[in-house]
**Student:** 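Quick one: the structure is below, questions incoming.
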There are 2 protein chains.
Amino acid sequence: MDKKEEILKTALQLFVEFGFHATPTSKIAKEAGIANGTLFHYYKTKDELILALYAHTKSHLTEYMYAKASKDESLELVFKSIYTNTIEWAQENKAEFYFIQQFSTSPFYSLISPEEITKQAKPHLDFLQAGIKAVVLKPLPVEMLYTLINSHIAGINQYLSSEEFSTTKQKKIINESFLLLWDMIT
Amino acid sequence: MDKKEEILKTALQLFVEFGFHATPTSKIAKEAGIANGTLFHYYKTKDELILALYAHTKSHLTEYMYAKASKDESLELVFKSIYTNTIEWAQENKAEFYFIQQFSTSPFYSLISPEEITKQAKPHLDFLQAGIKAVVLKPLPVEMLYTLINSHIAGINQYLSSEEFSTTKQKKIINESFLLLWDMIT
DNA sequence: AAAATGATTGACTAATCAGTCTATAAATAT
DNA sequence: ATATTTATAGACTGATTAGTCAATCATTTT
């Protein structure tokens with residue numbers, strides 16, 4: 001078994017449940033079934049562990065987002081695929097998605113360099129820029145579009161998590177909300 | 001001077017800057033210029049302080065939201081007033097707004113009872129329901145509308161905070177984004 | 001004015017926590 | 001086979017922290 005993975009997995013669960021402050025490294029180690037020292041062998045500090053967990057989780061999401069989106073299709077279909085993938089991932093990986101949000105609205109987020117953040121957003125912004133150039137998306141500032149789309153997704157995800165919807169109902173909501181978003185930005 | 005207020009004010013700044021975990025009560029007391037014991041005289045535990053701070057801040061926002069919105073005007077104008085007020089408050093009270101978000105996406109949020117949350121949302125949901133009944137808003141589930149509006153506001157606020165916009169430019173963005181939202185939900 | 005209640009202090013404590021250290025075991029390189 | 005590096009363990013420590021406590025000081029009630 002991969003201990004590094006095991007540590008991240010355990011830390012995620014505990015951070016989500018108790019928060020960063022109320023999750024001692026000793027508890028992470030114990031729950032992960034390893035010794036205290038082993039944790040610090042892989043991650044020099046608790047902060048480093050937290051940052052690594054964020055990078056890890058974020059890359060999981062990004063990976064999934066662009067999966068299954070063949071570039072042959074229309075911009076709308078590609079966009080919809082990314083939209084749907086993201087919400088599906090969030091629903092299937094609630095703890096992970098919640099962690100990303102928890103991290104992003106915490107002082108830990110400021111530990112990530114602006115360059116890193118810009119780098120992360122670049123492909124998404126480029127994609128939106130292409131949409132504007134193709135006269136499909138409204139000619140709004142891409143950063144504005146990006147933030148609006150992101151928060152829309154966060155909102156829909158929150159709504160989906162607030163009640164117990166059947167899978168069919170969920171798909172319906174996703175389709176419906178996509179149209180709302182699409183109408184707003186095109 | 002009101003020490004209770006002073007404690008809340010100081011705690012807010014420190015929580016926003018360092019997070020809950022990295023803000024000892026001793027530091028709050030010192031920065032607020034009071035003795036350690038005094039803090040615990042007013043708030044039995046640190047958790048109680050955090051919860052009180054959330055309630056306090058949230059009620060500030062709610063108060064401001066509905067200010068200046070005379071009920072004689074059209075639903076659109078009332079809605080726009082609430083929308084604008086909220087974003088303006090968020091921009092003028094960045095630490096407060098950030099704190100609300102930080103708190104909401106932290107495990108502390110689960111300490112608030114579902115009843116309290118429902119009670120908080122009730123007037124907003126009623127307002128949206130009225131909008132639907134008046135055939136102004138789309139007949140979507142009010143909870144969905146509510147979440148979408150909230151996250152839209154959070155998004156625009158994030159965008160406004162990401163760069164330095166002039167006041168005129170800011171107003172323009174708010175007007176523009178309001179139209180986007182309004183078109184989406186009507 | 002006396003009594004009672006509430007506010008304020010800061011030293012103190014018991015517990016906890018991040019991170020260290022020394023020792024072994026396992027794996028890899030020479 | 002030997003040497004070197006890496007992985008793992010867990011006891012230990014120094015610092016920190018939430019919360020207590022006993023003692024004043026201030027204010028209000030009787």
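Computed from heavy atoms alone, side chains included, the values below leave out hydrogens, waters and symmetry copies. Chain letters run A, B, ... following the sequence lines, proteins first and then strands; every chain starts at 1. Small disclaimer: the values here were computed from a predicted structure and weren't measured.
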**Student:** Any chance the rings of A:Phe20 and A:Phe108 have centres within less than 6.0 Å?
**Tutor:**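 Judged by ring-centre distance (under 6.0 Å), A:Phe20 and A:Phe108 do meet the cut-off.
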**Student:** Whole angstroms only, please: what is the CG-P distance between A:Leu39 and C:dC17?
**Tutor:**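 Nearest whole value for this atom pair: 14 Å.
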**Student:** Nearest to the side chain of B:Pro24, heavy atoms from C-beta on, is which of C:dG19, D:dT17, D:dG10?
**Tutor:**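 That would be D:dT17.
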**Student:** Do B:Thr23 side-chain atoms and B:Leu14 backbone N/O form a donor-acceptor pair below 3.5 Å?
**Tutor:**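 Looks like yes, one N/O pair under 3.5 Å.
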**Student:** Kindly say if A:Lys46 contacts the phosphate of C:dG19, meaning a side-chain N or O under 4.0 Å from OP1 or OP2.
**Tutor:**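 No, no such contact exists.
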**Student:** For A:Tyr43 and D:dT6, what is the distance between atoms OH and C1' respectively, to the nearest whole Å?
**Tutor:**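 Those two atoms, OH and C1', are 16 Å apart.
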**Student:** What nucleotide among C:dA11, D:dG10, D:dA9 has an atom nearest to a side-chain atom of A:Asn36?
**Tutor:**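 So the side chain of A:Asn36 is nearest to D:dG10.
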**Student:** In whole angstrom, give the distance that lies between atom CG of B:Asp47 and atom P of D:dT17.
**Tutor:**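 Nearest whole value for this atom pair: 16 Å.
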**Student:** Measure from CD on B:Glu6 to P on C:dT9 and round the result to the nearest Å.
**Tutor:**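 From B:Glu6 CD to C:dT9 P: 12 Å.
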**Student:** Round to a whole Å and report the spacing from CZ of B:Phe40 to P of C:dA11.
**Tutor:**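 Result: 16 Å.
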**Student:** Specify the separation, in whole Å, of atom NZ of A:Lys3 and atom P of C:dA27.
**Tutor:**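 Computing the A:Lys3:NZ to C:dA27:P distance gives 11 Å.
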**Student:** Is any side-chain heavy atom of B:Tyr109 closer than 4.5 Å to a side-chain heavy atom of B:Ile117?
**Tutor:**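 In short, these two side chains touch, coming nearer than 4.5 Å.
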**Student:** Given C:dT9, C:dC17, D:dG19, identify the nucleotide with an atom nearest to the side chain of A:Ser26.
**Tutor:**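 Among the listed nucleotides, the one closest to the side chain of A:Ser26 is C:dC17.
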**Student:** Counting side-chain heavy atoms from C-beta on, which of C:dG19, D:dT8, C:dT8 comes nearest to A:Thr38?
**Tutor:**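 Output: D:dT8.
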**Student:** Would you indicate, yes or no, if D:dA18 has its OP1 or OP2 atom less than 4.0 angstrom from a side-chain nitrogen or oxygen of B:Thr25?
**Tutor:**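 So the side chain of B:Thr25 is within the cut-off, an N or O lying under 4.0 Å from OP1 or OP2 of D:dA18.
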**Student:** Please tell me which of the listed nucleotides, D:dA9, D:dG10, C:dA7, lies nearest to the side chain of B:His41?
**Tutor:**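 Within the option list, the nearest is C:dA7.
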**Student:** Over 60° means perpendicular and under 30° means parallel, so tell me whether B:Phe99 and B:Tyr54 are parallel, tilted or perpendicular.
**Tutor:**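 Tilted: the ring planes of B:Phe99 and B:Tyr54 meet at 30° to 60°.
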